[in-house]
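Notes to accompany the following structure.
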There are 2 protein chains.
Amino acid sequence: MLTIGKLGEAAGVKVPTIRYYEQIGLLPEAERSAGNQRLYSRKAMERLAFIRHARDLGFTLEAIRDLLSLSDRPDQSCAAADAIAKAQLAEVESRLARLTALKAELERMVVQCAGGKIADCRVIEVLGDHSLCATDHRHPEIEATQ
Amino acid sequence: MLTIGKLGEAAGVKVPTIRYYEQIGLLPEAERSAGNQRLYSRKAMERLAFIRHARDLGFTLEAIRDLLSLSDRPDQSCAAADAIAKAQLAEVESRLARLTALKAELERMVVQCAGGKIADCRVIEVLGDHSLCATDHRHPEIEATQ
DNA sequence: CCTAATGTCTCTAGCAACTATAGCTTCAAG
DNA sequence: CTTGAAGCTATAGTTGCTAGAGACATTAGG
Ligand SMILES: [Zn+2]
Ligand SMILES: [Zn+2]
Ligand SMILES: [Zn+2]
Ligand SMILES: [Zn+2]
């Protein structure tokens, strides 16, 4: 059995994050030692590694919750799991498309500015006027931080 | 003079967001009508459009705060503004690189799954074991000090 | 065995950048 | 003059953690 610190080290997850996952019910309540400290089994470690890996691949905690409960029922069809993965792929692709447009616009701004006074700065000028942009990079939703 | 609703419509920003920007000091306190409703000038509209456009390009509110205060001093050098834009470009490029790796991994997962039971699902299997991944897509923990 | 240094406990609050709700007041159209 | 939309303030919720305070547990050294 591992203490929370050892578990975090082993799975590459910070200790408060583990407690947070337990708090929101993503990890089951841990066993406790005589002194009330959390103890984890190898199984718990695998579950945490799964979560961590899915987070690294950009899945939301909500999606991970679903994936975990699916993985607990091995004889069911995997269609739901595949659908979650496909949705995540679509999400990543749409973010990629948007970021690609952003990159082009930012490059244009940076390249076009000759340096000098703010009054003549192409960066400031373009930020004030989207019609100076080459692409329509606007999007109702602004990208999630990731 | 525009009401907050008209301003929001004109600039493509939701009304609560405008009030939020005022609250955090990104927009100055608006003039008020006799009945205490906010009124905006064309100048305020331009400022809001600037903010919105910069947000659309992924700049943080903190960066926008700096850009706005720079744009208020037209005879200063634009080096600082250019630096902010370059930093944003670098940020976008790094996110692009990460998302590209993620996309590849997700595609691999989705393609490799033949469908069937959860027990044989490649999606679940890969999520549980990063060593099945082709790339090292994991989150960088340390900021590059360049 | 004692002590000091970690590690862990709970609880609360904070981060970005909004968004939503509740319970009012004001305004504009009919 | 009435009604319904739009505005006001204030508070809380969102996502996924992260940081702190103050108390208790465990472990390594002397
Ligand atoms: Zn410039
Ligand atoms: Zn633009
Ligand atoms: Zn599958
Ligand atoms: Zn992986």
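In this text, all values refer to a predicted model and were calculated from it rather than measured experimentally. A note on names: the letters A, B, ... follow the listed sequences, proteins ahead of strands, and every chain is numbered from 1.
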Let me know the distance between [atom1] of [X] and [atom2] of [N], rounded to the nearest Å.
| X | N | atom1 | atom2 | answer |
| --- | --- | --- | --- | --- |
| A:R52 | D:dG16 | CZ | P | 15 Å |
| B:I4 | C:dC27 | CD1 | C1' | 15 Å |
| A:Q23 | D:dG16 | CD | C1' | 11 Å |
| B:E91 | C:dA16 | CD | C1' | 13 Å |
| B:R38 | D:dC8 | CZ | C1' | 7 Å |
| B:R65 | C:dA17 | CZ | P | 10 Å |
| B:I24 | C:dA16 | CD1 | P | 9 Å |
| B:F59 | C:dA16 | CZ | C1' | 17 Å |

Between the protein and nucleotides 19-25 of chain C, list the N/O to N/O atom pairs that are separated by less than 3.5 angstrom.
| residue | atom | partner | partner atom | Å |
| --- | --- | --- | --- | --- |
| C:dT19 | OP2 | B:T17 | OG1 | 3.3 |

Do the side chains of B:L96 and A:K103 get nearer than 4.5 Å, heavy atoms only?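 A:K103 reaches B:L96 side chain to side chain.
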Sub-4.5 Å side-chain heavy-atom contact between A:I64 and A:Y21: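 Answer no - side chains too far apart.
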Any A:T3 side-chain N or O less than 4.0 Å from OP1/OP2 of C:dT8: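 The answer is yes; a side-chain N or O of A:T3 sits under 4.0 Å from OP1 or OP2.
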Check A:S71 against B:I124 and note the closest heavy-atom contact, atom names and distance.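 For A:S71 and B:I124, the tightest heavy-atom pair comes out as CB-CG2, 3.7 Å.
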Could you pick out which residue, A:N36 or B:Y21, lies toward the 5' side of DNA chain C when each is mapped onto its nearest nucleotide?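 Between the two, 5'-proximity favours A:N36.
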Choosing from C:dT8, D:dC17, C:dT10, which nucleotide comes nearest the side chain of A:R32?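 Per side-chain heavy atoms of A:R32, the pick is C:dT10.
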Proximal nucleotide (of D:dG7, D:dT26, D:dG16) relative to the A:T60 side chain: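 Ranking D:dG7, D:dT26, D:dG16 by closest atom to the A:T60 side chain puts D:dG16 first.
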When we call it a touch if two heavy atoms are under 4.0 Å apart, what does B:R19 touch: a base, just sugar-phosphate, or nothing?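 If one applies the 4.0 Å heavy-atom cut-off, B:R19 turns out to touch a base.
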Just say parallel, tilted or perpendicular for the rings of A:H137 and B:H53, cut-offs at 30° and 60°.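 Ring orientation, 0 to 90° scale: parallel.
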Test: A:R65 and A:E62 ion pair at under 4.0 Å: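 Counted as a salt bridge, because a side-chain N and a carboxylate O are separated by less than 4.0 Å.
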State which residues pass salt bridge (charged side-chain N to carboxylate O under 4.0 Å, His left out) with B:E9; sequence neighbours excluded, sorted by chain then number.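 Result, salt bridge (charged side-chain N to carboxylate O under 4.0 Å, His left out) vs B:E9: none returned.
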For B:R38, which of B:E22, B:E29, B:E31 qualifies under side chain to side chain donor-acceptor pair (under 3.5 Å)?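 Considering B:E22, B:E29, B:E31, a side chain to side chain donor-acceptor pair (under 3.5 Å) with B:R38 is found only for B:E22.
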